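As structure tokens, the structure follows; a few thoughts come after it.
Below, all heavy atoms of this structure are taken into account, side chains as well, without hydrogens, waters or symmetry copies. Not measured: the values here are computed from a predicted model.
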Amino acid sequence: MRRLHLSRIRGIVSIRYSCIISQKFYSVRPNHDSLQLKVSNYIKAFIKQEALALSESINRNLLSLEEHNDNDKATLAHNELEPRLKHDFDKLLDNQNRLFFLLTFNPIIINPHLYISVYENLDTPIETTVKLLLFKRLLFHQQYDYCWKICMETYTSLTDIEDFLEVAFKALEENHNLTFGLFQLLIASQNDFTNQRLQNHIIDTICFKFNIRKTWIQENFSILLDIQGINTTEDLEHFKFNNLDIIQKNPNIQLLYLKKHFMLLDREISSQECFDIITEFENLMKYSGWLSLVAPPFTGSSCLPNAILKTYSSSSSIAKVITQTLHLGKEINLNENDITYILRSNPQIKSYTIYLLYMNVCSSKRLPNKHIINYFMNDVLFWKNYTQIKSILFENFSILDDEVLIRGIEVVFTESKTDFDIIVLKIFKRVSKDHAIRIFQLLVTNLLQNQRTIGDIHIIFKLCMRSNIKARECLKVLTTNQYTPQEVAYIHNEILKDKHLKSTLVVLEIARNILLRSPTIDYDMLTVIFDKILAITLKKDVILSRTTRTVKFDHDIQKLLALANSTEKAAFHNSFRALGQTISLKQPRDIAKAIDTLHEHIFHRNFLFVRSKYGREYLLNGLVNEIMRFSERANSSEQAILKIRDILGHTSNSIVQGFLFRLMVKQDPQKSLKLLQHYQNNKRYLSGVIHYMISGIFSTSNLDKNQKIHTFDLFIKTLEELGYRHKVRQSTAFQLLHLLNKRNGDATQLSESSRTWVLDFFNKRKALNRVIKKRYRKHSKNHHS
């Protein structure tokens with residue numbers, strides 16, 4: 001116990017023993033319900049298991065501090081940093097940054113001697129805000145003497161001291177240590193750094209700011225002086241007898257008495273005797289912070305051991321005694337300092353027992369400390385007790401570190417699929433979407449590292465359906481040899497008909513699975529995928545209910561797309577594009593089979609998404625266009641021609657035929673004229689592909705702008721001369737417009753003759769002229785803006 005100089009305290013003490021306790025200190029009492037029956041049962045069982053340990057004597061020198069000099073303490077504190085934190089700390093070059101770095105973390109994982117060591121090696125003073133934060137961290141660790149040392153060394157006015165006291169009061173409240181902490185702070189203020197005037201000002205400030213009676217402070221200091229003057233247990237017992245009423249009403253005096261009692265013991269005592277001494281004042285245990293102040297402090301007693309390096313006090317009897325007190329079923333409150341003291345001092349302690357007590361304390365008005373809960377969870381994961389794992393996980397998943405949380409969920413997945421569904425739902429409801437996705441991405445990766453049953457894969461994939469995560473990895477597992485084709489087909493079907501499937505990304509992954517990763521293609525499944533994409537991207541019931549005015553549409557697909565918003569239309573087109581790209585990666589025969597299968601499906605009477613012929617053709621042609629476009633892009637010009645020619649050898653689809661002609665003309669624009677001449681006696685064969693040939697002229701890289709216009713002019717004239725029937729489409733007009741755009745990648749300037757030809761071309765076609773002028777004005781407006 002810290003001894004105060006009589007000369008420094010006589011001026012404070014003027015009244016003796018009229019102890020009317022200030023309610024300000026004792027109103028901060030978290031939970032006054034007795035321990036639950038299950039807590040008592042756990043503790044009783046624990047005490048039976050630890051009977052031998054509890055019989056150890058006090059000969060471990062309960063109240064002596066560990067002998068470490070300051071350098072040893074700082075070195076130990078540095079070595080106990082969590083590995084990643086230690087790595088980052090060691091990279092910092094100066095102590096200013098090191099101190100600021102340490103202050104950003106929860107103090108429960110930082111040994112206070114590391115703060116002190118870094119602070120004492122600073123080259124320049126720290127800013128006030130940093131100093132106040134340092135105070136808060138040191139107060140958490142009950143480093144009251146050092147707080148006053150810093151305060152007295154750095155204050156420039158009495159206002160600085162008042163600011164420190166305000167910060168200290170709030171910090172003690174936050175640490176659930178106001179009952180004892182404020183008086184301990186007052187005791188520490190009576191030191192060699194403060195003179196009588198400052199000490200009086202400190203007490204006056206506390207009384208004024210926090211509505212504390214000055215007589216209460218004087219009474220406590222008076223009793224403290226009496227206790228300090230006691231040198232034998234007999235005298236202490238006599239003091240207790242004479243002042244029992246005062247002691248029983250004042251938890252601060254009870255604390256001082258117990259500390260003195262243990263200090264005076266010069267013989268071995270049993271843990272039962274220690275237990276009897278502590279429980280002599282059961283009222284004391286109602287106030288959090290009592291244990292860490294009664295018990296002997298040791299290096300690191302106020303911070304958690306990290307999971308890698310666990311060090312314990314050589315004196316652990318006090319911590320063992322606490323477990324013996326818990327079975328009483330009395331009201332016991334502990335703060336974070338008490339919890340860390342127990343965990344740090346007793347390597348054999350069962351964390352789950354302390355967890356139950358801690359949660360009982362936290363249940364009403366305060367949140368549990370994240371780091372303590374992670375420590376408990378790590379411990380029960382080590383012992384692999386599923387009941388305990390589930391208990392901590394379900395109650396505290398929102399504050400568990402990702403790595404610890406994932407390990408816990410993995411255990412739940414193995415033990416109970418029902419519990420797994422429950423915890424997944426809890427996480428999605430309580431955790432932010434981005435955080436949940438990050439958690440489940442890591443979880444799915446971990447779960448897929450081991451061989452799983454087909455049922456397990458289905459459960460895992462439900463996570464992917466919820467958040468688009470790891471769908472590819474999960475589906476790849478299905479293509480391994482450990483699952484039969486029937487099992488794979490079953491999972492695909494189950495996934496696609498699941499009402500929770502809202503993501504086209506997942507549907508497209510299934511498409512890639514059956515088309516690219518499976519040894520055989522399930523074409524029937526391809527039609528299910530096609531329908532699912534339509535159902536997800538264009539929700540007919542929702543879209544068609546939006547019509548606010550009478551608008552006549554020629555076709556059902558026209559109406560659907562007109563009422564769809566930009567996001568829905570983008571999702572629709574992007575999904576078709578992605579599906580087309582996937583199909584394009586197959587061999588020509590497979591691509592042709594996919595096209596014909598979808599053609600048959602879309603034009604079947606049971607296909608009800610659209611009913612008009614136009615609508616059905618729009619859907620099929622849109623997808624086939626994407627297949628052809630990606631087939632062209634993925635190959636050289638010559639290879640693309642050969643591939644699309646081979647596709648056309650297995651299907652009669654007109655889009656495929658059109659793309660083949662487009663590519664031939666794109667490769668050699670002069671072929672456009674030769675093809676017209678070649679098929680002049682079979683004009684019907686080219687009737688559906690002429691606009692593809694025109695597209696080939698405009699998209700070729702073998703001609704500049706003027707040459708393209710000249711070739712197109714010859715093509716139109718040849719069409720007319722040979723008697724082909726063809727009406728120039730809007731798409732052709734837009735391709736001409738693209739040539740007029742200076743930003744289209746071709747630096748060639750249009751010649752005067754080309755410009756005249758284009759104007760004449762549109763003047764002869766009034767309908768196209770109106771369209772092109774409207775589009776050109778819009779384009780010019782956007783360009784100038």
Exercise for review: Give the intermediate values and the outcome of side-chain hydrogen bond (donor to acceptor under 3.5 Å, both in side chains) for residues Q639 and S636.
Suggested key: CA-CA 5 Å; Q639 289 174 329; S636 66; 3.2 Å; yes
Quick one: are [X] and [Y] in side-chain contact, heavy atoms under 4.5 Å?
X	Y	result
Y523	T527	no
H555	Y618	no
F413	L443	no
L598	L526	yes
R407	N378	yes
K586	I583	no

Exercise for review: Kindly state each residue pair satisfying salt bridge (charged side-chain N to carboxylate O under 4.0 Å, His left out) with at least one member in residues 652-662, sequence neighbours excluded.
Suggested key: E632-R662
Check your understanding: Only one of I602, I557, N621 forms a side chain to side chain contact (heavy atoms under 4.5 Å, CB included) with R616, so which one is it?
Key -> I602
Review point. Can you list the residues that meet the ring pair (Phe, Tyr, Trp, His ring centres under 6.0 Å) rule with F397, with sequence neighbours excluded?
Key: none
Exercise for review: Step by step, work out the side-chain hydrogen bond (donor to acceptor under 3.5 Å, both in side chains) result for T340 and Y375.
Suggested key: CA-CA 10 Å; T340 57; Y375 183 91; over 6 Å; no
Review point. Cationic tip of K390 within the cone over F394's six-membered ring, i.e. under 6.0 Å and within 45° of the normal?
Key: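 Geometry flag: set, cation within 6.0 Å and 45°.
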Exercise for review: Please confirm whether the backbone N or O of V412 pairs with a side-chain atom of S416, one donor and one acceptor, at under 3.5 Å?
Suggested key: no
Practice item. Check whether any side-chain N or O of R452 sits under 3.5 Å from a backbone N or O of I457 as a donor-acceptor pair, and report yes or no. Key: no
Point to revise | Check: F576 ring centre within less than 6.0 Å of F530 ring centre | key: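 Centroid separation for F576 and F530: below 6.0 Å.
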